[in-house]
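Report on the following structure.
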Amino acid sequence: MLAACRNPAYLNRMVQPISAQPQLVAAPQGRAASVILWGAAGIGGLALLAAVALWFHYGSTVFFEMIAAGISACF
C-alpha cells in the first residue's frame, strides 16, 4: 500500500507476467547438446562400471559397508 501511494511505477514493474521476462539461459542447441548428453552418459556408465567392479572385487557386504561409511562421512 505504501509503494502504491508513493511510487506507482514500482508496482507496475513488479506485476509483469513471467512470460514477459527475457530468457536468461538458453538451452544448448545441436552439436553442443549432443556432446553434453554423450559426455554425461559416458560418466554415468563409468560410475556404474566402477560400482560393479567394486562389487565383484570386495563382495556385497563390504561394498555396502563402504557406501554406508561414505554417506555417513558426508552427513
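Because the structure is a prediction, the values reported are computed rather than measured.
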Please test Trp55 against Phe64 for side-chain contact (heavy atoms from CB on, under 4.5 Å), starting from the C-alpha separation and ending with a verdict. CA-CA 9 Å; Trp55 185 293; Phe64 283 124; 3.6 Å; yes
ILVMFWY cluster, Ile71 and Met66 together (side-chain gap under 4.5 Å): yes
Which distance, rounded to the nearest 0.5 Å, do you find between the CG of Leu49 and the CG of Leu54? 10.0 Å
